[in-house]
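Structure first, then comments.
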There are 2 protein chains.
Amino acid sequence: MPHLLHIDSSIQGEASVSRTLTARAAQAWKAANPDGTVTYRDLAADPLPLLTGEQNYARFLPVEQYTPAQVEARALTQQLADEILAADTVILGLPLYNYNAPATVKTWVDHLVFPGVTTDPATSEGLLGGRKFQVIATRGGGYGEGTPRHGWDHASPWLVQVLSTLGIEADVIAVELTLAGIVPAMEPLKPLAAESLAAGHRDIDAVFGEPVAASA
Amino acid sequence: MPHLLHIDSSIQGEASVSRTLTARAAQAWKAANPDGTVTYRDLAADPLPLLTGEQNYARFLPVEQYTPAQVEARALTQQLADEILAADTVILGLPLYNYNAPATVKTWVDHLVFPGVTTDPATSEGLLGGRKFQVIATRGGGYGEGTPRHGWDHASPWLVQVLSTLGIEADVIAVELTLAGIVPAMEPLKPLAAESLAAGHRDIDAVFGEPVAASA
């Protein structure tokens, strides 16, 4: 049975562009997979606990020597890994905050990276591959080549790199200039922002299917 | 009176290389500034609360319309900004975890970036400049040019960029390959790791002064 893991991380609730876009993708996925099931994880509404030094140290210890906190942390890693392994498609919404990923996405990754659970301890090969992993990234400004802040987006490049160590080939669809409607100084960028959003919609629809029309 | 703001973020406690290095720098600073005072912030031991969407939205509202949570968040931003403004030297320890900054450093930045508090709302000019800001970065692996993971370090480049929007010109001293003594596969890199550590010590001593000898 097809299974989707849908992850959001925006702190902006209903005002979030990334949430609107992941919802569009998830809705199309459901229409295309009427017998499919969905796991939803909201990293903003239910943030994971920070990984502590004690818990991190479990990566260097045999299980028999674990403290209760280490047992708990490894179980959380296993749970997060199982959520990915159970899915044949993952959709992750990734807003850019202050030129980097939300702290909650960083914490999700910190728990996920665990030799012996998500990578092969002998070969370091990642164990979470074999599924579609779609990152839907949003950025308040513009970061393309030739713009003053080209190279300042540390969310998408970082996430693609770190996920690759887990065997995941993540694909990124990005929508930029999402603050053009909110920040007065960005008013002149509104047409470019609309273009970026339309392109994002087209990219999502190309991967997941056309949006579902309201039933008659 | 000279004032130092000393910030650590490693989750590794006494096993932390970055903490050892910031302590070396702070000790030398104190020796050179016997009448100086120090504020210490430990982002791992006392992590800041995640910035919520409601709190973030305070950046777009007049103060008169703030909710209690927004008042609290702005006061926290002011406190973090005041800690920097009170210091003529800031030392920040920045370990690299999974190719990015600790989530706690990201949260510190998320609170710090606030138009009207840390940037001029009219010109966007950063308001935290005019002091020495020393980042002491540590990395478990090697990320120099020509290495397979060149470009994977998203901690230092990101932090320098985002701090520049606040008017801060951060300087980075980096020590690499800190996992060479711990990860068996990195055993052959131990000489390079020792070189990197020695270079880090030299760089720190050049900025802050020679380490203080034990008193006779």
Side-chain angles (χ1 to χ4, degrees), chain A residues 10-16 19 43-45 47-57 59-60 95 97-115 121-124 149 151-166 179 182-185, chain B residues 10-16 19 43-45 47-57 59-60 95 97-115 121-124 149 151-166 179 182-185:
Chain A
S10 166
I11 60 172
Q12 298 210 72
E14 293 189 1
S16 157
R19 285 178 187 268
L43 293 171
L48 299 167
L50 289 164
L51 181 70
T52 68
E54 178 186 355
Q55 291 173 334
N56 180 58
Y57 192 54
R59 286 151 180 77
F60 303 94
Y97 296 148
N98 297 316
Y99 316 110
N100 210 331
T104 55
V105 174
K106 180 70 200 327
T107 296
W108 177 74
V109 164
D110 287 341
H111 283 287
L112 209 48
V113 176
F114 202 133
T123 65
S124 292
R149 291 193 172 162
W152 284 49
D153 168 13
H154 291 283
S156 302
W158 162 72
L159 190 62
V160 168
Q161 287 168 337
V162 71
L163 289 178
S164 76
T165 69
L166 307 180
L179 285 173
I182 297 161
V183 174
Chain B
S10 166
I11 60 173
Q12 297 210 74
E14 294 188 1
S16 158
R19 286 178 186 268
L43 293 172
L48 299 168
L50 288 164
L51 181 71
T52 68
E54 177 186 356
Q55 291 173 334
N56 181 59
Y57 193 54
R59 286 151 180 76
F60 302 95
Y97 296 148
N98 298 315
Y99 316 109
N100 209 332
T104 55
V105 174
K106 179 70 200 324
T107 296
W108 178 74
V109 165
D110 287 340
H111 283 287
L112 208 48
V113 175
F114 201 133
T123 65
S124 292
R149 291 193 173 163
W152 285 50
D153 169 12
H154 291 283
S156 302
W158 162 72
L159 190 62
V160 169
Q161 287 167 336
V162 72
L163 289 178
S164 76
T165 69
L166 307 179
L179 284 173
I182 298 160
V183 174

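All chains are named by letter (A, B, ...) in the order of the sequence lines, taking the proteins before the strands, and each is independently numbered beginning at 1.
- In this structure, the portions of Y97(B) lying under 4.5 Å from any heavy atom of chain A include both its backbone and its side chain.
- The two residues P49(B) and H111(B) make their nearest non-hydrogen contact at O-NE2, 2.7 Å.
- Note that CG of L159(A) and NE2 of H154(B) are 10.0 Å apart. Values are rounded to the nearest 0.5 Å.
- At a 4.5 Å heavy-atom cutoff, the contact between P157(B) and chain A is made by backbone and side-chain atoms alike.
- Contacts of A101(B) with chain A are made by backbone atoms alone, with heavy-atom separations under 4.5 Å and no side-chain atom involved.
- Neither the backbone nor the side chain of S124(A) comes within contact range of chain B; no heavy atom of the residue lies under 4.5 Å from a heavy atom of that chain.
- A distance-only check finds a donor-acceptor pair linking the side chain of R59(A) to the backbone of V113(A) [under 3.5 Å].
- In terms of heavy-atom proximity, Y99(A) sits nearest to W158(B) at O-CD1, 3.3 Å.
- Comparing I182(B), T165(B), L51(B) by how many heavy-atom pairs each has under 4.5 Å with chain A, the most go to T165(B).
- Heavy atoms closer than 4.5 Å to chain A are found in the side chain of V183(B), but not in its backbone.
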Original post:
Between N100(B) and N100(A), is a side chain to side chain contact (heavy atoms under 4.5 Å, CB included) present by the stated rule, with each step listed?
Top reply: CA-CA 9 Å; N100(B) 209 332; N100(A) 210 331; 2.9 Å; yes

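- Contact check for Q161(B) versus W152(A): side-chain heavy atoms found under the 4.5 Å cut-off.
- Heavy-atom pairs under 4.5 Å with chain A were tallied for V109(B), D110(B), L50(B), T52(B); the largest tally goes to D110(B).
- The contact between N98(A) and chain B is made by backbone and side chain atoms together, counting heavy-atom distances below 4.5 Å.
- For S10(B), no part sits under 4.5 Å from any heavy atom of chain A, backbone or side chain.
- A donor-acceptor pair under 3.5 Å is absent between the side-chain atoms of T107(A) and the main chain of T104(A), judged by distance alone.
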